[in-house]
Chemist: 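First, the structure itself, so that you have it in front of you.
Quick note on labels: first sequence line is chain A, next is B, and so on, each numbered from 1.
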Amino acid sequence: MIGRIGSIYRAAAAAALLFTSLLPAASAGPRIDPAGDQRAFQAYFERAFPGVALDDFANGPYAVNKEMRKQWEEIMQFPPYDFALDDGKRLFEAPFKNGKSYADCFPDRGIGIRQSYPYFDLRSGEVVTLDLAINRCREQNGEKPLPYEVGDMAAIDAYMASTSRGKPFDIRIPDDPRALAAYENGKKFFYERRGQLNFSCASCHVQAAGRRMRGDILAPALGMLASFPIYRSDWGSMGTVDRRFVSCNEQVRSLPLKPEDEAYRDLEYFLSYMSNGVAIAGPGTRP
Amino acid sequence: MSRRALAVVAAAGLAGLSCGALAATQSEFDAAYAAAAQAEAQAGALHDQWSPTEAALKAARQAAEEKRYDEASALARRAEALAKASISQAQAQQSLWREAVVK
C-alpha cells in the first residue's frame, strides 16, 4: 500500500515538474510574428481606404481626403520644406573639423539609405534610427550631437530622405530575441493607452484614421513615417519623428519621453516595419 | 439665555471649529506632497506619467513656497489622485493593449 502511494506521489511530482518546466513557455504570451502583424496591418488599411495605392499612404491625410489633397497640391507648388532641403544638403556635405564627413559614417556614403532605417544593431543589441546614427557619426568625429527634434537634425534628415525618394521601406527584423523584443516593445507602445485623455497611438491613427479631430484629418498609421521629416504648418517649421512622438504624447496629456528614448526608437522600428513596401516620400508637409 | 442666542453661539462655535480644521499646516502639506510624489514615482516606474500630475505637483510646490498651505495641500491631493489614476491605467494596459492590435 505504502509502495503504491509512493509511486503515485512520484508520478504526481514528475507531472508537476513537467508542468512547471512548461510554464515559462506558456506564460511568455502570444508568439511574436512581425510578418503576420504586417500583413494584417496593411490589409486593414487597404480595406479601410479602398482605392488608395500603397505608396500614397505616405501622404497621410492627403491620401484619404479629397479636399485636403487639393490644398496640398497647391502647397506643393512651393514646398515649404525646400529651405530645409537646401540647408540639409549643405550640412551633410560640409566636412567635420577632422576633415571627415557624414558620408564616411554610412553605407553608400549616406545616399539612398533612408528606407533601411531604423535597423536593429546586433552588436549593441538596440534599435538605431537614422537620427541616432547621425549624432553618433558626429560624436565619433569629435562634434557635438545635434538636438533631435528640430533645426539642423531635421534639415539633414530631409536631405537624406530626399535621396531615398521612391525606394520602399525595407526594415528587417533579425531572428534574434533582442530584436523581436524591441519590435514587441514598439508594438506595445503603439497600442497602449496613455495620458489623461486615455488615448493610444492606434486610437487616432488606426481606429480613427481618416476621421476628423477638430480641424485635422487623422493620418493613417500605414506609411506615416515615410514622409518624415515634415514641415507642419501647425509648427511653422520642420520636425523629426521624435518631434511628432513628443507632440502626440503631449496632446493626450502624457508626459513625453526624451527624444531617442529606447521606447520611441522601438516605436519607430515597429511603425516603419508595418510600412514596409511604402516608398519613401520625405521630406513631407502636413497641416 | 434664549434659544435663539444659544443657536447663534453654537453656530459661531461650529464655524470657528471648521475654520480651524480647514487651515492646513506645512506638515499637512508635506505629508500630502510626499504621498503624491510617491504615487507619481510609481507611475514613472510603469512608464505612464501624466502631464497634469506634473503640473499639479509644480503648482503645489509653488503654493507651499508662498505659504498658501490650504491650496498647496489641495493641489498635492489632486496630484496624488491623478498619479493613482495613471497607475491604474498602466496596470490595466499591461494586458488590455493586446485587444486593440489589428488582427
Side-chain angles (χ1 to χ4, degrees), chain A residues 27 29-34 36-48 184-209 220-222 246-247 249-258 261-264 266-267 270-271 274, chain B residues 29-65 71-103:
Chain A
S27 62
R31 190 172 69 92
I32 299 171
D33 177 18
D37 289 347
Q38 188 191 83
R39 279 193 299 276
F41 197 85
Q42 297 197 359
Y44 172 88
F45 286 102
E46 284 165 16
R47 282 196 306 274
E184 192 72 356
N185 283 341
K187 179 179 165 184
K188 181 171 184 261
F189 195 98
F190 182 76
Y191 287 109
E192 204 171 39
R193 290 176 180 269
R194 59 177 38 79
Q196 191 186 28
L197 300 190
N198 200 34
F199 273 45
S200 68
C201 307
S203 303
C204 289
H205 300 292
V206 175
Q207 292 136 22
L222 177 60
V246 166
S247 67
N249 280 177
E250 285 171 342
Q251 282 171 327
V252 301
R253 299 184 191 166
S254 171
L255 199 65
L257 304 173
K258 285 184 179 161
D261 184 281
E262 186 181 17
Y264 279 166
D266 290 349
L267 173 62
F270 165 76
L271 260 180
M274 288 297 104
Chain B
F29 162 73
D30 288 344
Y33 189 87
Q38 189 182 8
E40 180 64 345
Q42 196 183 338
L46 293 166
H47 307 290
D48 192 7
Q49 288 173 309
W50 293 358
S51 46
T53 314
E54 292 292 317
L57 285 170
K58 187 179 173 186
R61 286 196 302 271
Q62 180 69 35
E65 277 173 23
E71 188 185 342
S73 299
L75 285 162
R77 284 192 294 273
R78 176 175 164 75
E80 186 188 7
L82 288 165
K84 284 183 171 173
S86 68
I87 291 166
S88 297
Q89 180 189 54
Q91 288 170 339
Q93 288 298 313
Q94 286 301 313
S95 56
L96 275 180
W97 70 272
R98 291 193 186 278
E99 301 298 321
V101 173
V102 173
K103 295 178 181 83

Chemist: Check A:Pro30 against B:Arg98 and note the closest heavy-atom contact, atom names and distance.
Modeler: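 That closest heavy-atom pairing would be CD-CZ, 3.6 Å.
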Chemist: Can you tell me which residue among B:Ser86, B:Ser51, B:Pro52 is in a side-chain contact (heavy atoms from CB on, under 4.5 Å) with A:Gln196?
Modeler: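 Answer after filtering B:Ser86, B:Ser51, B:Pro52: B:Pro52.
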Chemist: Measure the shortest side-chain to side-chain distance between A:Lys188 and B:Gln94 over non-hydrogen atoms and say whether it is less than 4.5 angstrom.
Modeler: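 Of all side-chain heavy-atom pairs linking B:Gln94 with A:Lys188, at least one is under 4.5 Å.
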Chemist: Side chain, backbone, both or neither: which part of A:Ser200 has an atom under 4.5 Å from a heavy atom of chain B?
Modeler: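 For A:Ser200, neither part sits under 4.5 Å from chain B.
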Chemist: At a 4.5 Å cut-off on heavy atoms, which part of B:Ala100 comes close to chain A: side chain, backbone, both, or neither?
Modeler: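 Interface part for B:Ala100: both.
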Chemist: Just wondering, more than 12 heavy atoms not from B:Lys103 lying within 6.0 Å of its NZ?
Modeler: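 Counting neighbours around NZ of B:Lys103, more than 12 heavy atoms of other residues, nucleotides or ligands fall under 6.0 Å, so yes.
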Chemist: Measuring heavy-atom distances to chain A, does B:Gln49 have an atom under 4.5 Å in its side chain, in its backbone, in both, or in neither?
Modeler: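 For B:Gln49, heavy atoms of backbone and side chain both lie under 4.5 Å from chain A.
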Chemist: Would one find more than 12 heavy atoms of other residues, nucleotides or ligands at under 6.0 Å from atom CD of A:Gln207?
Modeler: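 Yes, enclosed.
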Chemist: Less than 4.5 Å apart, side chain to side chain, heavy atoms only: is that true for B:Val101 and A:Phe190?
Modeler: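 Not touching, per the 4.5 Å side-chain cut-off.
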Chemist: Pick one of side chain, backbone, both or neither for B:Leu82, based on which atoms fall under 4.5 Å of a heavy atom in chain A.
Modeler: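 Just the side chain, heavy atoms under 4.5 Å.
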Chemist: May I ask you to test the B:Gln93-A:Tyr191 pair for a side-chain heavy-atom distance under 4.5 Å?
Modeler: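 They are not in side-chain contact.
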Chemist: Shorter than 4.5 Å, heavy atoms on both sides: which option in A:Leu257, A:Asp37, A:Leu255 has the most such pairs with chain B?
Modeler: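 Ranked by heavy-atom pairs under 4.5 Å with chain B, first place is A:Leu255.
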Chemist: Between A:Asn198 and chain B, which part of the residue has a heavy atom less than 4.5 Å away: side chain, backbone, both or neither?
Modeler: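 For A:Asn198, the contact with chain B is made by backbone and side chain together.
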Chemist: Any idea which of A:Arg193, A:Lys187, A:Arg194 has the most non-hydrogen atom pairs under 4.5 angstrom with chain B?
Modeler: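 Of A:Arg193, A:Lys187, A:Arg194, A:Arg193 has the most heavy-atom pairs under 4.5 Å with chain B.
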